[in-house]
Chemist: 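One structure, pasted below without further comment.
Below, chains carry the letters A, B, ... as their sequence lines are ordered, and counting in each starts from 1.
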Amino acid sequence: MSEKITITFPDGNKKEVDKGINGLELASQISKSLAKESIAIKINNDIKDISLPINSDASVAILKRDSEEALELIRHDCAHVMAEAVQELYPGTQVTIGPAIENGFYYDFARDEPFTVSDLPKIEKKMHDIIQRNKNFIREVWSKEESIKHFKDKGENYKVELINDLPDNEEISIYKQGDWLDLCRGPHMVSTKQIGKAFKLMKVAGAYWRGDSSNAMLTRIYGTAWATEKDLEQHLLQIEEAEKRDHRKLGREMNLFHFQEEAPGAVFWHPKGWTLFQSLINYMRNRQDKAGYVETNTPDMMDKSLWETSGHWDKFSDMMFRTEAKDDKIYAIKPMNCPGAVEIFKQGLKSYRDLPFLLSEFGKVHRYEPSGALHGLMRVRAFTQDDAHIFCTEDQITQESKTVCDLILSIYKDFGFDNVRIKFSDRPEKRVGEDSIWDKAEAALMQAMEATGLEYTLNPGEGAFYGPKLEFVLRDAIGRDWQCGTLQVDLNLPGRLGANYIGEDGNKKIPVMLHRALFGSLERFTGILIEHYAGHLPFWLSPLQAVVATITSDTDEYAYEVQKALVSEGIRTEIDTRNEKIGYKIREHSNSKVPAIIAVGKKEAQDKTVSVRRIGSSETKTFKLEDIVNSLSKEAKSPIEKK
RNA sequence: GCCGCAGUAACUCAGGGGUAGAGUAACUCAUUGGUAAUGAGUAAGCCGGCAGUUCGAAUCUGCCCUGUGGCACCA
C-alpha cells in the first residue's frame, strides 16, 4: 500500500491521498471540469506548477484561469511566448529576463538593431500562432554545467551570466514550450493555449542590463495581458482616460502654462496658471502660519564654498547650475533651501528656549535634471518648494515629526486625497556623518512614525545623503501614486554649517534640523491636481470661476453689471459678449472647464436674474443676481476659510 | 545621460525628391440668436536648426536642439 498524505482544501475539507500526487490528478479526483480548467496550484500559499508532485501534508488550492492569482501566470507565460516569437522571427536575438509586472509583462532582448513599434504587430501575430500550438510548459531541472553549456552553445551570454550568478545550492529549472526553452524559476500554467487572446504589445523601450546604467542597453518590449478580452478592453480604456487627463494637454487647453525650447524644464506660467499657483501658495501660507511657522526668503545664488561646506557640491555638483560675474567667484544657483535656512538660524544667539524654531520658505530651486527625466510639470529643472526647516532638540524630534505628519495628512484631505501611504527611507550608501549619528536619526524618526500610529513601508537605502526620511505618497482619482511630501531628520548639516544654540546647561549645542515639504514641488503638485480633477478644478482653485455669456447684444449692459457684481465679491469672472450663438458660447466655455456659465438674455435683464449652468451638468437654473453672487462667493472660499 | 519615436499654420494632424495641404482657431462681412459648433469670405508657414547628397531637399544622409515612451537618476 502506498503512503498517504493529507490535503487540506481552502474550505477546510481534508482529503487523504497518495503521496506524490500532483495537482492535476487531485483536480480530476474532484471533477473532470475542474481538471480541465485548472492552470496551477497553490501549495501552502505558494503558487506552483500543477504537475508538481505533493509529497507531504499540505493545504492546497487549485487555481483556475479566472482566479486572481492566475493573472500573474498568464502574464509571465505571455512573456515566454513573446520571447519565443521574437527568436523565431529574429534569429540571433538574445533573451535576458522577462517578468510579469503590473498590468502585463515585458521581456528584455539583446539585439544589434533595436526593435521599433512597427515590429510589434508581426511579433503579436506570431505569439497568437504559438499560443494556438497549445504546447505544454514542461519543467526540467538541469545541472549548472549542463545549463551553462546549453546557453553558451546558443550564444545566450546573458543567460550564462544569470546562471553563473545563481547560488550553488539553488536548483536550476528550465521551462520548455515545444522546442523553445528558457531558464526560469516558474511557475507556469499547463499549456500556452491557456494564455488566451487578451493581450497586446504596447511599446518598446531601452533598458539597462540589470538596471545598471554602466551596463549595455537592451531592447525591452512591454505588453499588457488579461484574463478576458473585456478586461483588456477596460485597461485600454483606462489608458485613454489617463491621456485625456494629461496635464500637458489640459494646461494648453486651459491656457495655464507653456514650455519652450529656450528654457527646457522651466515653466512659463500664464495668468490663469499663475492664479492657480498663487491660490496654492496662499492656502499653504495660511496653514503654515497657523501651525507656527515664520516665513523667510533666502538668496537664489550663493558662493560655491557654502555648497562645499554643506556637502551638496561633493554629491550633486554635476546637477547644479552655476554662474559667474566679473569677480572670480563661482556662484551656485540654489538646488535646495536648507543652507540658506541654516544661515538665517545662525543670525543672533539662539537659546534652547527658541526651539523648536520653524522657518518656512517658498523657495525656487534649480536642478540640472537629466534631460530624459523631464516631463511636463511633473519633473522640471526649476521649481518652487513649500519648504520648511524645523530646528529643534533631539528630544523634540518625535513630537515635531508627528505634528508635521498630521499637518500633511490634513492638507492632502483638503484636496480630496484621502488615500496616503508613507515610506520610510533609511541610510543610503553615499552619505555624510558618522554611523552613530545615523543610528540616532533613524531611531528618532522611527519612533516618531510609531507615535503617529500611521502605517508605513520600509524603503531601505533610499534616504537623503544627510539623513533618513519619510515620503508621503498620495493616490489620485484614477489610482495613480504620486510622491509629494517629505520629512527628513538631519543631524549632519546643522553641524557642518556651524549652527548652534545655548542649552539649558549653558553649553553650546548643535540643533537637529527637520527638513519638510508638504506639496513638495508646487509645479508638480499643480500638475497632479490638474490630472486628479481632470481639469475640473474645485471652484476655489479654478483660475476662472465664472463667465457671463450674453444671448443678444441688447443685454451687454446688464451682463457687465452682472460681471461687476461678481468681481466685486472676488469671484474671478470674464464676460463673453462676442457675436456668437449661446450654444456656441456654452460649448466653448464648457470645453475650457469654467465651473459656472452665466447666461443673460432679455428675460434676465428684465427680471435682474441670471441663468446658470454648472460644469458637468446640462441643467440650467435661474437665480436672482444677488443670490448667485452670495452663493458663489461662499463657494469660492478655500477650505481654511470654510472651517 | 542611454535606447526608440516625433518635430509641417496659433492648435490637431495629413503629405513626402520638382507651385505647401485639411479641420479648428484668428480676422472681415452678413446674421441678434435661449443652453455643447450660424453662414460666406480673407489672411496665415525658413516643413525645429546646421551641414551634406542632388540640377533641385520639407522629403534622403549625418550632427545638434526640443519634445515624447521607457531605462537610469531624483539632495
Chemist: Here's a test of your reading of the structure: between A:Gln488 and A:Glu604, which maps to the more 5' nucleotide of RNA chain B?
Modeler: A:Glu604
Chemist: Taking 4.0 angstrom as the limit, do A:Arg210 and A:Glu161 come out as a salt bridge?
Modeler: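 Yes, A:Arg210 and A:Glu161 are salt-bridged.
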Chemist: Between B:A72, B:C73, B:G34, which nucleotide gets closest to the side-chain atoms of A:Lys603?
Modeler: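 Selected nucleotide: B:G34.
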Chemist: Taking atom NZ as the centre, does A:Lys440 end up with more than 12 heavy-atom neighbours from other residues, nucleotides or ligands that are less than 6.0 angstrom away?
Modeler: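 Counting other residues, nucleotides and ligands, NZ of A:Lys440 stays at 12 neighbours or fewer.
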Chemist: Among the candidates B:C2, B:G67, B:U32, find the nucleotide nearest to the side-chain atoms of A:Asp554.
Modeler: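 The nucleotide sitting nearest to the side chain is B:U32.
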Chemist: So what does A:Pro370 hit on the nucleic acid, given a heavy-atom distance under 4.0 Å: a base, only sugar-phosphate, or nothing?
Modeler: base
Chemist: Is it true that A:Lys364 and A:Asp300 have a side-chain N and a carboxylate O under 4.0 angstrom from each other?
Modeler: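 The answer is no: the pair does not qualify as a salt bridge.
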Chemist: Assign A:Lys249 to base, sugar-phosphate, or nothing according to its heavy-atom contacts below 4.0 angstrom with the strands shown.
Modeler: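 Nothing, no heavy atom under 4.0 Å.
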Chemist: Where are the stems of RNA chain B, defined as at least 3 consecutive Watson-Crick or wobble G-U pairs with both distances under 3.5 Å?
Modeler: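 For RNA chain B the paired stretches long enough to count as stems (3 pairs minimum) are B:1-7 with B:65-71, B:10-13 with B:21-24, B:26-30 with B:38-42, B:48-52 with B:60-64.
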Chemist: Counting only side-chain heavy atoms from C-beta out, which of B:G33, B:G70, B:C73 sits nearest to A:Thr552?
Modeler: B:G33
Chemist: Between A:Glu635 and A:Arg614, does any side-chain N to carboxylate O distance fall below 4.0 Å?
Modeler: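 Yes.
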Chemist: When all nucleic acid strands are considered with a 4.0 Å heavy-atom cut-off, which category describes A:Ser214: base, sugar-phosphate, or nothing?
Modeler: nothing
Chemist: Verify whether the ring centers belonging to A:Trp209 and A:Tyr158 lie closer than 6.0 Å.
Modeler: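 That pair passes the under 6.0 Å test.
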Chemist: Looking at B:C2, I'd like to know if its phosphate oxygens (OP1 or OP2) sit under 4.0 Å from a side-chain N or O belonging to A:Ser213.
Modeler: no
Chemist: Base, sugar-phosphate or nothing for A:Thr116? Non-hydrogen atoms, less than 4.0 Å.
Modeler: sugar-phosphate
Chemist: Taking the ring of A:Tyr107 and the ring of A:Phe109, is the distance between their centroids below 6.0 Å?
Modeler: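 For A:Phe109 and A:Tyr107, the ring centres are under 6.0 Å apart.
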Chemist: Indicate yes or no for a side-chain donor-acceptor contact from A:Tyr90 to the backbone of A:Phe115 under 3.5 Å, with no hydrogens or angles considered.
Modeler: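 Pair absent, no side-chain N/O of A:Tyr90 close to backbone of A:Phe115.
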Chemist: For salt bridge (Lys or Arg N to Asp or Glu O under 4.0 Å), just list the numbers for A:Glu442 and A:Lys469, CA-CA rounded to whole Å, side-chain angles, deciding distance to a tenth of an Å, and then say yes or no.
Modeler: CA-CA 8 Å; A:Glu442 285 169 1; A:Lys469 63 180 176 186; over 6 Å; no
Chemist: On RNA chain B, does the nearest nucleotide to A:Gly211 precede the nearest nucleotide to A:Ile551 from the 5' side, or the other way round? Give the residue.
Modeler: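 Nearest-nucleotide comparison on RNA chain B picks A:Ile551.
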Chemist: Does a side-chain N or O from A:Lys621 land closer than 4.0 Å to OP1 or OP2 of B:U35, or not?
Modeler: no
Chemist: Does the plane of the ring in A:His375 sit parallel, tilted or perpendicular to the ring in A:His247? Use 30° and 60° as the thresholds.
Modeler: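 Plane angle between 30° and 60°, so tilted.
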Chemist: If only side-chain N and O atoms of A:Tyr106 are considered, is one of them under 4.0 Å from the OP1 or OP2 phosphate oxygen of B:C71?
Modeler: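 For B:C71, OP1/OP2 do not have a side-chain N/O of A:Tyr106 under 4.0 Å.
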Chemist: Under 4.0 angstrom, heavy atoms only, what part of the nucleic acid is A:Pro335 near: base, sugar-phosphate, or nothing?
Modeler: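 Counting heavy atoms under 4.0 Å across all strands, the contact made by A:Pro335 includes a base.
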Chemist: Could you tell me whether A:Leu218 contacts a base, only the sugar-phosphate backbone, or nothing, with contacts defined as non-hydrogen atoms closer than 4.0 Å?
Modeler: nothing
Chemist: Angle between ring planes, A:Phe472 versus A:Tyr412, binned at 30° and 60°: parallel, tilted or perpendicular?
Modeler: perpendicular
Chemist: Under 4.0 Å, counting only non-hydrogen atoms across every strand here, what does A:Gly376 touch: a base, just sugar-phosphate, or nothing?
Modeler: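 Contact class for A:Gly376: sugar-phosphate only.
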Chemist: Among the nucleotides B:G34, B:C73, B:G4, which one has an atom lying closest to any side-chain atom of A:Ala373?
Modeler: B:C73
Chemist: Reckon A:Arg248 has a side-chain N or O less than 4.0 Å from the OP1 or OP2 of B:U68?
Modeler: yes
Chemist: Check whether any side-chain N or O of A:His375 sits under 4.0 Å from OP1 or OP2 of B:G67, and answer yes or no.
Modeler: no
Chemist: For B:U19, is chi within 90° of 0 (syn) or not (anti)?
Modeler: syn
Chemist: Scan A:Glu471 against the nucleic acid and name what it touches under 4.0 Å (heavy atoms): base, sugar-phosphate only, or nothing.
Modeler: nothing
Chemist: Near RNA chain B, which residues from residues 311-323 of chain A have a heavy atom under 4.0 Å away?
Modeler: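 Within residues 311-323 of chain A, the residues near RNA chain B are A:His312, A:Phe316, A:Met319.
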Chemist: Would you mind checking if A:Glu102 and A:Arg75 are paired as a salt bridge, meaning a charged N to carboxylate O distance below 4.0 Å?
Modeler: no
Chemist: State which of B:U32, B:U12, B:G1 makes the closest approach to the side chain of A:Tyr368.
Modeler: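 Minimum distance to the A:Tyr368 side chain belongs to B:G1.
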Chemist: Mind checking whether A:Tyr466 and A:His515 have ring centres under 6.0 Å apart?
Modeler: yes
Chemist: Are the aromatic rings of A:Phe257 and A:His270 close, with centres under 6.0 Å apart?
Modeler: no
Chemist: Just call it for A:Ala205: base, sugar-phosphate, or nothing, with non-hydrogen atoms closer than 4.0 Å on any strand.
Modeler: base
Chemist: What string of B, S and - do you get for nucleotides 36-48 of chain B, 5' to 3', if B is base contact, S is sugar-phosphate-only contact and - is no contact with any protein heavy atom under 4.0 Å?
Modeler: BBB----------
Chemist: When you get a sec, tell me which of B:U35, B:G70, B:C74 is the closest nucleotide to the side chain of A:Arg379?
Modeler: B:C74
Chemist: With P as the reference atom in both, quote the distance from B:U54 to B:C64 in angstrom, rounded to an integer.
Modeler: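 So the two P atoms sit 23 Å from each other.
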